[in-house]
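In what follows, a single structure is set out as structure tokens and then discussed.
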Number of protein chains: 2
Amino acid sequence: MPRFSAFFVVGIFIYGDDMQAVSFKNRILTYIDQRFLPAKVVIRECRTIQHGYNAIKELRVRGAPLLGIFACYTVCAGFNSFPKEKKRFLSHLSNAIGYLKSARPTAVNLAWALDRLYAAALSVEQKSIEEIKKVCIDESIAIHEEDNLLCKRIAENGARLIPDNSRILTHCNTGFLATGGGGTALGVIYKAHADNKNIMVYIDETRPLLQGARLTAWELTQRNVKSCLITDNMAGLLMKDKTIDLVIVGADRIALNGDTANKTGTYGLSVLAHYHRIPFYVAAPFSTFDPELVTGEEIPIEERNPDEVKKVLLKLPVAPLQVNAYNPAFDVTPGELITAFITDRGIFKPPYNFLKNKIG
Amino acid sequence: MPRFSAFFVVGIFIYGDDMQAVSFKNRILTYIDQRFLPAKVVIRECRTIQHGYNAIKELRVRGAPLLGIFACYTVCAGFNSFPKEKKRFLSHLSNAIGYLKSARPTAVNLAWALDRLYAAALSVEQKSIEEIKKVCIDESIAIHEEDNLLCKRIAENGARLIPDNSRILTHCNTGFLATGGGGTALGVIYKAHADNKNIMVYIDETRPLLQGARLTAWELTQRNVKSCLITDNMAGLLMKDKTIDLVIVGADRIALNGDTANKTGTYGLSVLAHYHRIPFYVAAPFSTFDPELVTGEEIPIEERNPDEVKKVLLKLPVAPLQVNAYNPAFDVTPGELITAFITDRGIFKPPYNFLKNKIG
């Protein structure tokens with residue numbers, strides 16, 4: 001994959017059934033800069049830890065499962081500028097991993113994948129730097145390939161819950177732009193579509209960063225899935241009018257009692273679905289469950305720049321400059337409002353007690 | 001009031017306690033073109049029925065009570081181009097009123113005020129055209145002055161429901177930019193603020209047209225009321241975190257059983273407030289009750305251009321061009337989710353049966 005920084009860089013790599021949000025080939029890491037979607041498909045190369053950190057922080061790359069994959073590849077792509085002496089190499093590796101983890105505190109997959117990469121490196125710390133690098137690269141590719149497989153399993157498990165002619169509401173983006181495969185919640189939707197279930201997808205635009213409008217709407221039009229974009233505040237109206245049969249969303253971190261951190265607005269949707277007796281599903285790889293977290297109250301919630309609220313896409317001002325704004329990137333949906341978790345290890349229904357039975 | 005079409009036209013007329021969204025002096029109608037707020041205070045003159053229709057249709061002027069006032073003034077401002085023969089004058093008047101009513105089908109005040117204007121004209125149809133014009137002008141000014149008084153009464157009645165240190169969530173814009181006085185829901189807020197109740201106001205940005213971010217945030221900063229802007233999908237999170245003590249919104253039309261049409265997103269808020277056991281108040285002049293409507297199911301819901309969803313403020317595209325979007329301007333909140341109606345005639349609590357007891 002050559003290096004691109006110009007716009008409109010579109011190749012076989014992007015279109016087709018194997019569309020990928022990141023690519024790591026011949027030790028070169030490229031990614032779609034998602035800030036420019038849907039207007040432009042901009043592909044960038046990442047060569048340094050700092051570049052990768054910025055890409056994560058600025059949401060050029062986002063989506064809980066994808067963040068872990070991209071962060072591991074960032075480490076591998078950054079090896080060229082690591083020290084050549086092994087002790088300093090390992091110390092640099094440790095620092096790089098800590099730094100990348102700090103870019104987004106809520107998504108557990110980021111820390112999970114980087115911890116796994118570090119453990120793999122330490123398992124061969126007696127070997128040469130080149131061999132450690134190779135182990136890291138292999139581990140990163142393995143994490144990526146596993147995520148692709150997890151997506152397939154989630155899709156297969158979840159599609160069983162989607163009746164023919166379902167009208168499905170989803171929030172944020174959980175597709176191939178958010179994972180190392182076909183997606184989590186959107187993966188289920190793609191599978192139902194591939195199974196000719198004649199589904200219709202309502203897309204929450206997902207303010208403030210509009211991942212639904214920009215990314216999910218783009219993915220669904222690419223894949224020819226019938227869809228309709230709405231503002232987040234229309235979900236209640238659609239449920240009341242019986243236009244929505246089920247809700248399916250992704251997750252950034254899940255506690256052992258089922259409490260689920262996901263994009264802001266998810267909690268409100270779960271309450272609306274509960275009130276209207278509509279199934280509310282969370283689709284996520286099992287690695288999203290955090291074995292350290294007993295309840296969702298302990299999940300750190302990233303608070304982002306208020307300007308994301310006051311200026312749409314940091315471009316169009318829509319509020320007085322002097323007004324205060326609040327911008328939590330996530331909220332926590334209590335387990336009791338979740339009808340079922342759709343995971344690669346199967347479907348889990350309440351009561352949720354992942355501590356006792358499921359983790360480990 | 002001189003005629004302005006340039007930007008940054010700011011006068012005593014706008015700032016101060018008697019800020020007004022429309023002004024009718026010496027038979028000249030001027031209004032703040034609200035599309036440019038908060039960036040610019042643009043004042044325009046309206047001289048024709050067509051100009052007034054466009055101003056209403058394009059939401060340069062909006063807010064249920066203000067629409068009625070502005071439409072009546074539009075008729076008066078348009079008299080210069082009316083026929084000089086009386087029968088044709090009256091026919092032209094009737095057509096103009098019908099045309100202006102059609103600009104926004106949901107708000108009842110628009111039709112209510114125009115019907116009242118027409119009735120006033122017919123009551124003197126034997127008199128000269130000049131006298132009919134004068135009666136129309138007097139009636140329009142009376143409707144405006146009455147609305148100002150209604151706002152004061154609503155504010156006084158409502159403020160009794162606002163405890164000290166309340167944290168209040170509001171939606172859309174219901175202040176001096178939406179009424180002929182100090183506002184309905186925002187009027188209550190201004191009164192509580194004037195009474196030194198140390199309130200804090202959370203403002204739903206109110207997609208798609210962002211009346212909360214653009215107009216309410218602007219009004220509250222003008223009046224130095226403590227406030228914080230949020231995206232619509234954060235309301236649930238704030239209620240869960242016990243950051244909201246009560247919700248107060250306006251109304252565009254109310255049926256006799258209490259079902260209330262208001263800006264899209266109101267219904268979802270009412271469900272969230274119900275779930276979190278937070279009071280949900282609707283503040284509106286009594287003329288918002290439609291004596292013809294037994295339930296909210298009969299309220300016509302205006303569906304607007306989907307581009308308002310796909311392009312923020314019709315300027316910034318945020319979704320693929322080919323995606324479908326849905327854009328209902330209002331939703332209907334069932335009376336049973338409304339804790340109380342705050343009106344100029346007092347506070348009404350459930351059960352609501354305005355048919356039997358209150359109207360007429």
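Labels below follow one simple rule: chain letters A, B, ... track the order of the sequence lines, proteins then strands, and each chain is numbered from 1. All figures in this text were calculated on a predicted structure; none of them were measured in a lab.
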Sorted by chain and number, sequence neighbours left out, side chain to side chain contact (heavy atoms under 4.5 Å, CB included) with A:Leu314 holds for A:Asp307, A:Glu308

Can you name the closest pair of heavy atoms from [X] and [Y] and give their distance?
X	Y	value
B:Val309	A:Glu205	O-OE1, 4.2 Å
A:Val318	B:Arg214	O-CG, 3.2 Å
A:Lys310	B:Leu229	CG-CD2, 4.2 Å
B:Pro38	A:Ala319	CG-C, 3.6 Å
B:Pro320	A:Ala213	CD-O, 3.3 Å

Ordered numerically, the heavy-atom neighbours of chain A under 4.5 Å found in residues 276-283 of chain B are B:His276

The interface call for B:Ser227 against chain A, heavy-atom contacts under 4.5 Å, is both

Okay, B:Ala235 and chain A: the region with an atom under 4.5 Å from a heavy atom over there is neither

Counting heavy-atom pairs under 4.5 angstrom with chain A, the leader among B:Thr216, B:Thr221, B:Ile230 is B:Thr221

Per-residue tally against chain A (heavy atom, under 4.5 Å) across B:Gly212, B:Gly268, B:Gly265 peaks at B:Gly265

Residues 238-248 of chain A vs chain B, non-hydrogen distance cutoff under 4.5 Å, contacting residues -> A:Leu238, A:Lys240

Under a 4.5 Å heavy-atom criterion, the part of residues 323-333 of chain A in contact with chain B comprises A:Val323, A:Asn324, A:Ala325, A:Tyr326, A:Asn327, A:Pro328, A:Phe330, A:Asp331, A:Val332

Verify the neighbour count for atom [atom1] of [X]: are there more than 12 heavy atoms of other residues, nucleotides or ligands below 6.0 Å?
X	atom1	answer
B:Glu58	CD	yes
A:Lys197	NZ	yes
A:Glu303	CD	yes

Result for side-chain hydrogen bond (donor to acceptor under 3.5 Å, both in side chains) between B:Asn233 and one of A:Asp232, A:Asn233, A:Thr264 points to A:Asp232

dist A:Gln322:CD -> B:Trp218:CH2 (nearest 0.5 Å) comes out at 10.5 Å

Okay, A:Ile301 and chain B: the region with an atom under 4.5 Å from a heavy atom over there is neither

